[in-house]
Amino acid sequence: MRKDNRFQAIYKQLLTLHGPQGWWPIRATYHKHDYDIPQTPEELFEICVGAILTQNTSFKNVDLALHNLREHNLLNPQNLLKASEILVKTCIKASGYFNQKTKKLLTFTDFFLTLNHRKPLRNELLSLWGIGPETADSMLLYGWHEPIFVIDAYTKRIFTHLNLIDATFKYEDMQAIFEDNLPKDYILYNEFHALIVEHAKQFYSKKPYGIKCPIKSYLA
DNA sequence: AGCCAGGCTACCG
DNA sequence: CGGTAGCATGGC
């Protein structure tokens, strides 16, 4: 099947508009031209924790939570499991849904330790309570450098607005459209998703969505 | 003062 | 199967 080259063209447009984003932030720092993150097991764990905490939550609030966890030396799987639930909840309070997210973190951390440094399968992540497709794919992409395209609310909003995907498609169907129309490239998927988020924050955060979106005139 | 944020689960018809 | 209430806080 031939590729729809509009997907890669939009990527290039977004990169020109916003510049490299350098996800995933580690210790609140974006690494604009460094795609070799994480570099240590603890950085990998921090990415996974951040992926859970950022569910339906701005990363600003997540950053406050990560800071508290770091202060208490809890960005470490063994220490996190040893800590009291009260302490964990207190640390992550700013990221919202702290009761649910504490349970999610502990469930995930149990599983993380059983990995013994191997990469998890997507289905293994999805089987965990509290890990859905976006969280699993974010971990696999940004943590384990698996070339897998992350679909989030912003991606759906922008690309349905641009009439490039059907709003009724399910997660994996939308993901397949991106992956079928793009080279299977970790760095491309890494940047593209980050650029989508930045672009959505600028042009698709409040209704009516996309009014001043420069990509629209480019496509037309 | 609302509305929104880098979702997921449980439960309903 | 699709649709949606509930979860919770901080920023703007």
Side-chain angles (χ1 to χ4, degrees), chain A residues 11 14 18 20-32 37-38 46-69 85-109 111 122-144 146 148-161 166-175 178 189-211:
Chain A
Y11 169 71
L14 291 175
H18 306 294
Q21 300 299 300
W23 278 24
W24 191 278
I26 290 290
R27 290 183 297 283
T29 302
Y30 289 81
H31 307 261
K32 303 283 183 184
I37 298 288
E46 177 180 332
I47 290 173
C48 294
V49 169
I52 290 171
L53 293 182
T54 199
Q55 291 173 1
N56 202 37
T57 302
S58 73
F59 205 84
K60 268 205 174 72
N61 284 4
V62 174
D63 201 38
L64 297 170
L66 289 173
H67 176 78
N68 292 333
L69 289 171
E85 281 199 25
I86 298 292
L87 176 59
V88 177
K89 288 181 181 179
T90 306
C91 286
I92 70 168
K93 188 161 89 70
S95 69
Y97 313 118
F98 56 84
N99 291 306
Q100 289 192 347
K101 282 178 178 173
T102 294
K103 183 179 168 189
K104 292 177 184 184
L105 286 183
L106 297 178
T107 301
F108 171 78
T109 304
F111 168 75
R122 187 171 193 268
N123 280 336
E124 291 179 309
L125 292 170
L126 291 178
S127 74
L128 301 174
W129 186 87
I131 308 292
E134 187 190 334
T135 308
D137 291 343
S138 294
M139 290 181 183
L140 289 170
L141 176 66
Y142 291 104
W144 278 277
E146 188 170 315
I148 185 165
F149 202 90
V150 176
I151 304 293
D152 70 340
Y154 286 147
T155 311
K156 295 174 194 169
R157 191 180 296 171
I158 293 177
F159 283 82
T160 56
H161 185 82
D166 186 324
T168 63
F169 285 178
K170 294 187 297 187
Y171 184 98
E172 280 77 8
D173 297 324
M174 293 188 180
Q175 182 174 56
F178 282 90
Y189 291 2
N190 174 323
E191 265 301 336
F192 204 161
H193 177 65
L195 287 164
I196 286 169
V197 172
E198 178 57 29
H199 191 69
K201 283 176 177 170
Q202 291 190 25
F203 300 107
Y204 290 82
S205 315
K206 39 179 169 291
K207 299 176 181 176
Y209 296 137
I211 295 301

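Source: prediction; values computed, not measured. Protein chains get the first letters and strands the later ones, always in sequence-line order, with residue 1 at the start of each.
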For B/dG6, is there a stacking contact with A/Tyr154, counting only centres under 5.5 Å and planes under 30°? no
Does a nitrogen or oxygen in the side chain of A/Trp129 sit under 4.0 Å from OP1 or OP2 of B/dA10? yes
Any side-chain to backbone donor/acceptor pair from A/Lys104 onto A/Leu53? Under 3.5 Å, distance only. no
When the distance from CG of A/Leu64 to P of C/dA8 is rounded to whole Å, what number comes out? 18 Å
How would you label the contact of A/Ile52 with the nucleic acid (heavy atoms, under 4.0 Å): base, sugar-phosphate, or nothing? nothing
Give A/Thr135 one of three labels, base, sugar-phosphate or nothing, depending on what nucleic acid heavy atoms sit under 4.0 Å from its own. sugar-phosphate
Phosphate OP1/OP2 of B/dA5: any A/Asn61 side-chain N/O under 4.0 Å: no
Determine the interatomic distance between P on C/dC12 and the same-named atom on B/dG6; round to the nearest Å. 12 Å
Ignoring hydrogens and geometry beyond distance, is the side chain of A/Asn56 in donor-acceptor contact with the base of B/dG7 at under 3.5 Å? yes
Examine the base of B/dG6 for any acceptor or donor lying under 3.5 Å from a partner atom in the side chain of A/Tyr204, and report the outcome as yes or no. no
Rounded distance in Å - CG (A/Asn99) to C1' (B/dT9): 15 Å
Please check this pair: side chain of A/Thr160 against backbone of A/Ala167, looking for a donor-acceptor N/O pair closer than 3.5 Å. no
Side-chain N or O of A/Arg157 versus OP1/OP2 of B/dG6: is the shortest distance under 4.0 Å? no
Per nearest nucleotide of DNA chain B, the residue lying toward the 5' end, A/Lys103 or A/Gln55, is A/Gln55
Rounded to the nearest angstrom, tell me the gap between atom CG in A/Leu128 and atom C1' in B/dT9. 14 Å
Could you tell me how the ring of A/His199 sits relative to the ring of A/His18: parallel (under 30°), tilted (30 to 60°) or perpendicular (over 60°)? perpendicular
If I take atom CG in residue A/Asp137 and atom P in nucleotide B/dC8, what distance separates them, rounded to the nearest angstrom? 9 Å
Measure CG/A/Asp63 against C1'/B/dG6 and give the value in whole Å, please. 13 Å
Does a donor on one side chain and an acceptor on the other come within less than 3.5 Å for A/Asn190 and A/Gln21? no
Taking the same atom, P, in C/dA8 and in B/dC11, what whole-Å distance lies between them? 16 Å
Base, sugar-phosphate alone, or nothing: which one does A/Phe98 contact when heavy atoms must sit under 4.0 Å apart? sugar-phosphate
Just checking A/Lys101: base, sugar-phosphate only, or nothing, at a heavy-atom cut-off of under 4.0 Å? nothing
When rounded to the nearest 0.5 angstrom, what is the spacing between CD1 in A/Ile148 and CG in A/Leu141? 8.0 Å
Rounded to whole Å, please give me the gap between CG in A/Leu66 and P in B/dG6. 14 Å
Sticking with atom P, work out how far B/dC4 lies from C/dA5, rounded to a whole angstrom. 15 Å
In terms of the angle between their ring planes, are A/Phe192 and A/Phe149 parallel, tilted or perpendicular, with boundaries placed at 30° and 60°? perpendicular
Separation of C/dA8 P from A/Lys89 NZ (nearest whole Å): 8 Å
Any strand, both distances under 3.5 Å, Watson-Crick or G-U wobble: B/dA1 pairs with none
Report which part of the nucleic acid A/Leu126 touches: base, sugar-phosphate, or nothing (heavy-atom distance under 4.0 Å, all strands). nothing
Can you tell me if the side-chain N/O atoms of A/Tyr97 get under 4.0 Å from OP1 or OP2 in B/dT9? no
Could you tell me whether A/Glu134 contacts a base, only the sugar-phosphate backbone, or nothing, with contacts defined as non-hydrogen atoms closer than 4.0 Å? sugar-phosphate
Considering every strand and a 4.0 Å limit on heavy-atom distances, what is the contact class for A/Phe169: base, sugar-phosphate, or nothing? nothing
Look at the side-chain N and O atoms of A/Ser138 and state whether any lies under 4.0 Å from the OP1 or OP2 oxygen of B/dG6. no
